[in-house]
Amino acid sequence: MKARNVLRVARWETTRSAGDIDRETAVAFVVVLLALAAIVPALVTMGPTPGEGIYRVGVTEDSQYADVVASDPQLVAVDPGADADVVVTDTTITYDDTAKGRAALSTLRSATVGYNDFLMRQEPDQNAAFPVVVSLTYRPQSIDVTGTQTGDDATDDDDDLDGSEGGAGAGTGGDDGQQAGGDGGGDGVAGGDDIPATGGGLSGLLGQAQSGTPSSISPPFPLQSLVFAFAFLLPLNIVIQAYGSSVLAERINRRGEPMLVAPISRGDIVAGKTLPYLLGALALISAIAAATGASALAVLAVAPLAALFLAATFFGAMLARSYKELTFVTVTVSVALTAYAFVPAVFAEVHPIAAISPLTVVVDSITGDGVTAGQFVLSTVPPGLAAFVLFGLGTGVYREEDMFTQLPIPSKLLDALAAPLTTRWRAGLWTALFLPFVFVAELFAVAVLFVAPVSISIPLLLGTVAVIEEVAKSIHVFAGFERGQYDRTFRNALVVGAASGVGFFLAEKLLLVTQLVGLPELDVAQAAFSPELLGASPGLLLVAPLALHVVTAAVSAVGAARSRLAYLGTLALAIVLHVAYNLAVVVVSLG
Amino acid sequence: MGSRLVLARRTLGSLRSEKTIVLALVIQLFIAGFSSFLVVGLVSLYDPGSTESGALDVEVGVTGNASAEVATAIAGDDGRSAVPYGSQSAASAAFQRGEVQALVHATQQPSGRILVEATAPEGSFRTTLVVTELKDALSTLEREQRATFSHRLERQPIALPPEEQSNPYFSFTYTVLLPLLAFLPAFISGSVMADSLAEEAERGTLELLRVAPLSLRDVVDGKAIALVGLAPAQVALWLALLSYNGTAIANPVAVLALVAGVAAVLVAGGAALALRIGARREAQLLYSFVALGAFGAASLLPQSPQNLVARLAVDSPTTFTWLTLAATLALAAAAYAGLRWLAGGGET
């Protein structure tokens, strides 16, 4: 790969994109973007309520509740005689005994609470109007969610305890000041200088100390990462849409042919075509990080995920038959990757499992919590490696015979998997390269399953892990036999299978990175990543998994060498063997 | 008309053979399932009553000279109990051992105001629940204290309506989930229309179709019939599923008509962009921006499309709702007529 060639292709991609757009389209883009820029502030100020007027309250105009109904957009006042969900009379409140009637009543109740606060703010005697003032602080408890108590945690707690007590004292001082001022709204209290100003208006939702009247207290929003997932990942969709179109356009009407015959390598072409979009994605992420107050570390953490978005889109665009198919490939990529980033990050600040997601680094950098090197590695290396491998697979089919033919996605996929298998030992190399995907898939399974009771989650997880690993060890071997890269002989099957098993075993040592963040303390994670015989001799610890991977990979390879049906059969057998081995290990190490 | 139907069938056929329609349904289901999962999770965190397990009991350690009042307020609900302690340090130690999940130190000032220093566990699954319970208890305390000080107030707070068990997801289902399921298919239809025409233009097969005894207008008609029809069909499926799950949908026909109208507008927009630009990347990008902007602008209307779906389905439509629906259908007809005019090369 030559930097000069890459840059030339990148420049060509950029200028061609700009040159392709006629003036009319360019003007349309500018107009639409300006209109969007005008709509966003309007939306923010107007704050549209999709639930406007869905509950009808029968109330007379002179009733006190008429003002309450007017204060909540979901409620709408109708004549007491008309069809209504809740009817307020001078003496009673009646409601329809339906789901809608009860929902309307509870909305009316919370609207009344808000309206009372509004009334009380106009009182001259604020001490009587707001007779309770709260300052809320958070302090760690020594019991953690897994129920284990470790020495490290205990010492941490002591340090934090002192700190937060100091904070509480300062908070009280703030309250006194507020009393003297007589401003009862509660807004003035939060500005005490003991409260870290990071996060701005988000600080209450992010679980930081706050104070005010009881109704001004907001419980920490446990799904804060939802906000960040949308802020950081949605703009990437625009980039991958443009990128996917550009890649697929090369495959239409043999447009990519001149570039293929140019004296530059395929890698140069792909790198050059990708570079402008990667830079664009990074620029977008940096802009969002600057806007949300995240640090440069957050940009570094999201960058591999952005690369994975592009890599998956590139690979999808190499397989898709038409733009319609590409649209769905793009949506699938973005939904799957958003889920991967989002689900573990739900538990940010709560649980070590959150370290899987790069968004956790973003959340931590905004709240000011430190990120350990281990967390950073765990959240960035697997997606980064996976992106690298997908680009490799896609580049393998960036050639004339694959680019300009129309085949269903599964058979294109087999082409792509078989293309790099030029020698038998390469099967092992590619098994090793698939490990990031195995890792990503298993981490995701852990993140989804860890809330379930251990009796359910561990067997499910053992099964999932076996399926993921066995497929990863054999799918490309099957492709190699199907596409004639290997002769269909028994001996070949054994050799290729063994190579694949050894490759997997060696690469699996990468999983040691989980040790860095203490994931193994989790029962579920232990089952997934280190089902090893505790107390067995070190020799056995090394030999047993090696033997397992070689045997199961060889079993499925034997089937792959015969036919598709035989492959499915032997794959199932390999999975059963794998589950049996894992179960045996878990039972032995627990018992 | 026959040739247009043939084209419509072929458009649907290609969606079927490329399995895109299956994928589209799966993606919609995933997005809806995911957002519901989130809300169910969220609500159970905020609203302990909704998860009828009853296992979540928040114990609060209470200290200070106003602890009697606070303890009464805390004990006023099933989900919480108060544990009095003699000193703050004893309470703090109990908190450290995990015997209580929250601490409240309440001191009454000479002015009558109660200052509360509340402590909640940091970074735990139960933090949100604990804070929600604390907030609820302290709001009760606030109401009781206001009642005691009523002689000092010029206005009196309004009595609260009775508390009744209600489905916390009710509003979400009608105002978020249902509009999402209604407009996602319409958005996808417009996107596929842009893809389909841009691809024909890029591959040069649009020229071939013109050689056939079909005008460009017929081609556009055929594709549009298929894609505009597909959106309400998918939404009908979602409505049936929701009703089966016990979510009553009022005015289903009106909801489907609205979806068909929005789909027609989006499909016409996607087709117009693809015909005008002729390149997929630009057309698709512009389509996404325009569709986003249109939804954003429409939500500034007195009754936004999202609000229309909610009002119709929950059975609270007003006359204005029906007028807006009629206006949407008129807009759809106008947009489609505009598209046909464009496809006909500007002639009528």
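Separation of atoms OG1 (A/Thr98) and CZ (B/Phe170) is listed at 7.0 Å; rounding is to 0.5 Å. To the nearest 0.5 Å, the span separating OG1 on A/Thr25 from CG on B/Leu285 amounts to 11.5 Å. The distance from atom OG of A/Ser322 to atom CD of B/Glu199, rounded to the nearest 0.5 Å, is 4.5 Å. How far CZ of A/Arg139 is from CG of B/Leu103: 6.0 Å, rounded to the nearest 0.5 Å. Here A/Asp85 contributes atom CG and B/Ser316 contributes atom OG; the two are 5.5 Å apart, rounded to the nearest 0.5 Å. The CD1 atom of A/Ile54 sits 4.5 Å away from the OG atom of B/Ser171 when rounded to the nearest 0.5 Å.
With a 4.5 Å cut-off on non-hydrogen atoms, A/Gln122 touches chain B through its backbone and its side chain both. Heavy-atom distances place no part of B/Ala279 under 4.5 Å from chain A, backbone and side chain included. When heavy atoms are compared at a cutoff of 4.5 Å, B/Val70 does not approach chain A at all. Residue A/Ala28 touches chain B through both its backbone and its side chain, counting heavy-atom pairs closer than 4.5 Å. Of the two parts of B/Leu308, neither the backbone nor the side chain holds a non-hydrogen atom closer than 4.5 Å to a non-hydrogen atom of chain A. Both the backbone and the side chain of B/Ala159 come within less than 4.5 Å of a heavy atom in chain A. Contact of B/Leu273 with chain A is not made at all, since no heavy-atom distance falls under 4.5 Å. Neither the backbone nor the side chain of B/Pro305 comes within contact range of chain A; no heavy atom of the residue lies under 4.5 Å from a heavy atom of that chain. Neither the backbone nor the side chain of A/Thr107 comes within less than 4.5 Å of any heavy atom in chain B. With a 4.5 Å cut-off on non-hydrogen atoms, B/Ser191 touches chain A through its side chain but not through its backbone. Heavy atoms closer than 4.5 Å to chain B are found in the side chain of A/Val68, but not in its backbone. Contact of A/Leu36 with chain B is made through the side chain alone, with heavy-atom distances under 4.5 Å. B/Ser299 touches chain A through backbone and side chain together, each having a heavy atom under 4.5 Å away.
Under the 4.5 Å side-chain criterion, counting only non-hydrogen atoms from C-beta, B/Glu154 is not in contact with A/Asp125. Residues B/Glu282 and A/Phe29 have side chains in contact (heavy-atom distance under 4.5 Å, counting atoms from C-beta outward). Residues B/Arg146 and A/Phe130 have side chains in contact (heavy-atom distance under 4.5 Å, counting atoms from C-beta outward). Taking the side chain as every heavy atom from C-beta outward, A/Met120 and B/Leu153 approach each other to under 4.5 Å. Side-chain contact check for A/Pro131 versus B/Ile114: every heavy-atom pair is 4.5 Å or farther apart. A/Thr137 has its side chain out of reach of B/Glu117: every pair of non-hydrogen atoms, C-beta onward, lies at least 4.5 Å apart. In this structure the side chain of B/Pro302 never reaches within 4.5 angstrom of the side chain of A/Glu52, judged on heavy atoms. Looking only at side-chain heavy atoms (C-beta outward), A/Tyr138 and B/Thr119 stay at 4.5 Å or farther from each other.
Partner of B/Arg280 under the side chain to side chain contact (heavy atoms under 4.5 Å, CB included) criterion, chosen from A/Ile252, A/Leu248, A/Thr327: A/Thr327.
For the pair A/Asn127 (side chain) and B/Arg113 (backbone), a donor-acceptor distance under 3.5 Å is absent.
Ion pairing of A/Glu123 with B/Arg155 is present here, as a side-chain N (NZ or NE/NH1/NH2) and a carboxylate O approach within less than 4.0 Å. Using a cutoff of 4.0 Å between basic side-chain nitrogens and carboxylate oxygens, B/Asp195 and A/Lys324 are not scored as salt-bridged.
Between chain A and the residues B/Leu141, B/Leu300, B/Ile188, B/Ile277, the most heavy-atom pairs under 4.5 angstrom are made by B/Leu300. In terms of heavy-atom pairs under 4.5 Å with chain A, the best-connected choice from B/Ala106, B/Pro161, B/Ala66 is B/Pro161. The most heavy-atom pairs under 4.5 Å with chain A, out of B/Glu144, B/Gln306, B/Gln303, B/Arg311, come from B/Arg311. Comparing B/Leu134, B/Leu138, B/Val290 by heavy-atom pairs within less than 4.5 Å of chain A, the highest count is held by B/Leu138. Contact count versus chain A (heavy atoms, under 4.5 Å) is highest, among B/Asp315, B/Leu292, B/Val104, B/Asp136, for B/Asp315.
Under a cut-off of 6.0 angstrom, the local environment of CZ in B/Arg143 is crowded, with over 12 non-hydrogen atoms contributed by other residues, nucleotides or ligands.
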Intermediate values then yes/no, side chain to side chain contact (heavy atoms under 4.5 Å, CB included), A/Asn116 and B/Leu160: CA-CA 9 Å; A/Asn116 279 341; B/Leu160 291 188; 4.1 Å; yes
Give the intermediate values and the outcome of side chain to side chain contact (heavy atoms under 4.5 Å, CB included) for residues B/Glu142 and A/Thr213. CA-CA 9 Å; B/Glu142 185 181 49; A/Thr213 64; 4.1 Å; yes
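Legend: residues meeting side chain to side chain contact (heavy atoms under 4.5 Å, CB included) with B/Thr148, ordered by chain and number and at least two apart, are B/Gln145.
If you check the side chains of A/Tyr323 and B/Glu202, you find a donor sitting under 3.5 Å from an acceptor.
Taking each heavy atom of B/Ala310 and A/Pro50 in turn, the nearest pair found is CB-O, 4.0 Å.
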